[in-house]
Every structure is written in C-alpha cells, then in structure tokens.
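Below is one structure; the comments refer to it alone.
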Amino acid sequence: MTDDTSGDGPATRYSRVLLKISGEALMGDQGYGLHPPTVARIAREVQSVHELGVEICMVIGGGNIFRGLQGSAQGMERTTADYMGMLATVMNALAMQAALEALGIHTRVISAIRMDEVAEPYIRRRAVRHLEKKRVCIFAAGTGNPYFTTDTAATLRANEMSCEAIFKGTKVDGVYDKDPKAHADAKRFDRISYDDVLAQHLGVMDASAIALARDNDLPIIVFSLDEPGGFRGILAGKGTFTIVE
Ligand code: UDP
C-alpha cells in the first residue's frame with residue numbers, strides 16, 4: 001500500500017506499474033507523428049501518479065510513425081520494417097522523456113537496441129534501481145526483436161520489473177464486446193479472463209502479449225487515457241475500466 005502524499009484522494013494499492021500507450025496516442029488529431037501538447041498532457045497524467053509515490057514503467061508504441069506490417073505490405077523485408085518500427089518507438093520515448101523532465105520528473109529511456117549516445121541499454125538490475133529511486137523508466141525499441149509488438153514488450157518488461165499490473169491507456173474506457181464507437185449497444189466488461197479475450201478476439205492486446213500476461217498472472221487494466229485524471233483515479237480504485245485477469 002502506497003500513501004497518497006497529496007492528501008486529496010485515497011491511497012493506492014499499487015506500488016509499481018507499467019503504463020502502455022500506443023504511438024497513436026501521441027499524435028493528437030494530426031493523423032501522424034507527434035503532437036507536443038498531447039505528449040505534454042499525457043506526461044501530466046503520469047506526473048499525477050508519480051506524485052502518489054508509485055514507481056512507473058512506460059512502454060510507448062511506434063504506430064504514429066511506422067509499423068513493420070505497413071513496410072512489409074509495401075514490399076520491404078519484414079525484419080527491416082520491424083527494426084524501423086522499433087526505432088520509431090525510440091523517438092516517442094525521447095519525446096515523452098522531454099515532456100516528463102519539463103515537469104521536473106527524473107526519467108531514463110532504456111532501449112532494447114543499443115544506442116548508447118541516445119539511451120541506456122537494458123540492464124534489468126539497473127532499471128530496477130532507477131525505479132526504486134522513483135525515476136520513470138521508459139522502455140524503448142520494443143523487445144529488440146522483429147515479429148513482436150510493443151504490447152508484448154510491455155508484458156515482458158512488466159514481468160521483468162515485477163510490476164503489479166499493466167495499465168493499457170486507450171481511447172475507450174475498457175474492453176467492449178464490439179466497437180463502442182460504431183455500436184451504441186456495445187457492452188463493456190468490468191472484468192474478463194485472458195482466455196475469453198483470446199477466444200473472442202477482443203483486440204485488447206495481441207495474442208502473444210495476452211498469453212504472456214496470463215501465464216504470469218499479470219493483470220491488464222484497460223482504461224481511457226482521454227479522461228483527465230483517469231490514470232490516477234484508477235490507481236486509487238475509482239473510475240471506469242476493465243480488468244483482464
Ligand atoms: N516492433 C518490433 N518488435 C518489438 C516491438 C515493436 O518489431 O518488440 C515493431 C513492429 O514493426 C511494430 C512497430 O515496432 O509494428 C511499432 O510497434 P507497435 O505496432 O506495437 O506500436 P503501437 O501499435 O503500440 O503504436
């Protein structure tokens with residue numbers, strides 16, 4: 001149990017979490033790339049949780065810049081395209097680092113692909129130490145391997161860092177039985193099992209990420225990142241979300 005030091009809300013039962021967001025979450029309404037006010041807004045959401053004393057890992061996708069599948073559909077070799085996708089995640093991680101540091105939060109970008117001038121290499125014990133010192137660790141370059149996604153990277157790092165849960169920030173406030181933006185009668189689940197997510201192809205995360213979370217009893221909490229204060233509220237047990245467990 002971590003105390004809420006600000007005194008304006010209940011305590012949170014989480015001490016270490018991983019926030020996964022897609023690259024598209026950083027592009028605002030632009031349709032491509034980085035939208036600095038949106039990056040700054042998400043950084044403030046992270047700051048509000050950091051203030052609770054929670055240790056925070058982050059994984060950011062790269063889909064706002066480049067996805068491997070997009071490159072291979074255009075005739076590029078898949079592995080090359082995937083490496084480009086991984087490099088895109090490094091750009092997003094650096095943008096988030098800059099936004100968090102502008103708020104006075106200490107951070108480290110930790111890359112699965114070595115690029116020592118830009119980011120630290122991934123060394124598990126060193127990353128754990130950063131977390132203990134309340135530095136936000138932004139894990140970049142996915143798993144470092146082609147044919148994976150940043151959802152799988154998020155699940156891998158959350159396990160390695162002994163996070164209590166993955167918080168998957170999306171555009172909707174949980175997991176629905178069908179797309180809530182297209183169907184008015186879509187039903188949101190409060191709780192759903194990993195196996196039901198897989199069997200119903202609910203698209204919370206890709207199948208390998210869900211299976212890795214299931215096999216290690218790592219809960220996935222799906223919530224809306226568009227809701228101001230939503231991340232902090234959910235850590236305090238309030239708000240609307242779906243828990244996959
Ligand atoms: N990628 C990869 N290995 C990884 C993680 C990511 O090859 O471990 C590549 C892959 O091409 C992917 C791209 O990086 O399409 C961007 O990641 P992702 O699609 O997960 O980003 P998001 O959809 O979350 O923005």
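Below, each value reflects all heavy atoms present in this structure, side chains not excepted, and no hydrogens, waters or symmetry copies. Since the model is a prediction, treat every value here as computed from it, not as a measurement. Counting starts at 1 for both ligands and their atoms, in listed order.
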TODO: Answer yes when Lys168 and Asp151 have at least one side-chain N-carboxylate O distance shorter than 4.0 Å, and no when they do not.
DONE: yes
- [ ] Output the list of atoms in ligand 1 that are nearer than 4.0 Å to some heavy atom of Pro146, sorted by atom number.
- [x] 7 (O)
- [ ] State whether Arg41 and Asp226 are salt-bridged, where the test is any N-O pair (Lys NZ or Arg NE/NH1/NH2 against Asp/Glu carboxylate O) under 4.0 Å.
- [x] yes
Task: Nearest-neighbour protein heavy atom for atom 19 (O) of ligand 1, which is reported as residue plus atom name and distance - done: Arg67 NE, 3.3 Å
Open item on the list: Under 4.0 Å between a side-chain nitrogen and a carboxylate oxygen: does that hold for Glu45 and Arg232?
Closed with: no
TODO: With heavy atoms of Gly142 as the reference, note each atom of ligand 1 found under 4.0 Å away.
DONE: 4 (C), 5 (C), 8 (O)
Task: Closest protein heavy atom (residue, atom, distance) for atom 2 (C) of ligand 1 - done: Phe148 O, 3.1 Å
- [ ] Would you mind listing which atoms of ligand 1 come within a distance below 4.0 Å of any non-hydrogen atom of Gly63?
- [x] 21 (O), 22 (P), 25 (O)
Open item on the list: List ligand 1 atoms under 4.0 Å from Asn145, heavy atoms only on the residue side.
Closed with: 2 (C), 3 (N), 4 (C), 7 (O), 8 (O)
Open item on the list: Among all the protein's non-hydrogen atoms, which is closest to atom 16 (C) of ligand 1, and how far away is it?
Closed with: Gly62 N, 3.7 Å
TODO: Answer with yes or no whether the side chains of Ser15 and Glu164 bring together a donor and an acceptor at under 3.5 Å.
DONE: yes
Open item on the list: Among all the protein's non-hydrogen atoms, which is closest to atom 5 (C) of ligand 1, and how far away is it?
Closed with: Thr149 C, 3.4 Å
Open item on the list: Can you confirm whether Leu34 sits close enough to Met27 that some side-chain heavy atom of one is under 4.5 Å from a side-chain heavy atom of the other?
Closed with: no
TODO: Determine whether Phe231 and Ile42 make a side-chain contact, defined as any pair of heavy atoms from C-beta on separated by less than 4.5 Å.
DONE: no
Open item on the list: Here's one to test your reading of the geometry: is the NZ or CZ of Arg188 within 45 degrees of the ring axis of Phe241 and under 6.0 Å from its centre?
Closed with: no
Open item on the list: Quick one about Tyr122 and Glu160 (side-chain donor to acceptor, distance below 3.5 Å, no hydrogens or angles considered), yes or no?
Closed with: yes
- [ ] Give the residue, atom name and distance (to 0.1 Å) of the protein heavy atom nearest atom 13 (C) of ligand 1.
- [x] Gly85 CA, 3.6 Å
TODO: Around atom 12 (C) of ligand 1, find the nearest protein heavy atom and jot down its residue, atom name and distance.
DONE: Gly68 N, 4.0 Å
Task: Options Asp82, Asn92, Leu156, ranked by nearest heavy atom to atom 7 (O) of ligand 1, top entry - done: Asp82
TODO: Answer yes if the side chains of Ser208 and Asp206 hold a donor-acceptor pair under 3.5 Å, and no otherwise.
DONE: yes
Open item on the list: Quick check on contacts: which atoms of ligand 1 are under 4.0 angstrom from a heavy atom of Ser22?
Closed with: 24 (O), 25 (O)
Open item on the list: List the residues meeting side-chain contact (heavy atoms from CB on, under 4.5 Å) with Phe189, not counting sequence neighbours, and say none if there are none.
Closed with: Val175, Asp177, Lys187, Ile192, Gln200, Leu202, Thr242
Task: Those atoms of ligand 1 less than 4.0 Å from some heavy atom in Lys20 - done: 24 (O)
TODO: Decide whether an N or O pair under 3.5 Å exists between Gly23 and ligand 1.
DONE: yes
Open item on the list: Out of Leu87, Thr143, Thr150, Leu69, who is nearest to atom 8 (O) of ligand 1 when you count heavy atoms only?
Closed with: Thr143
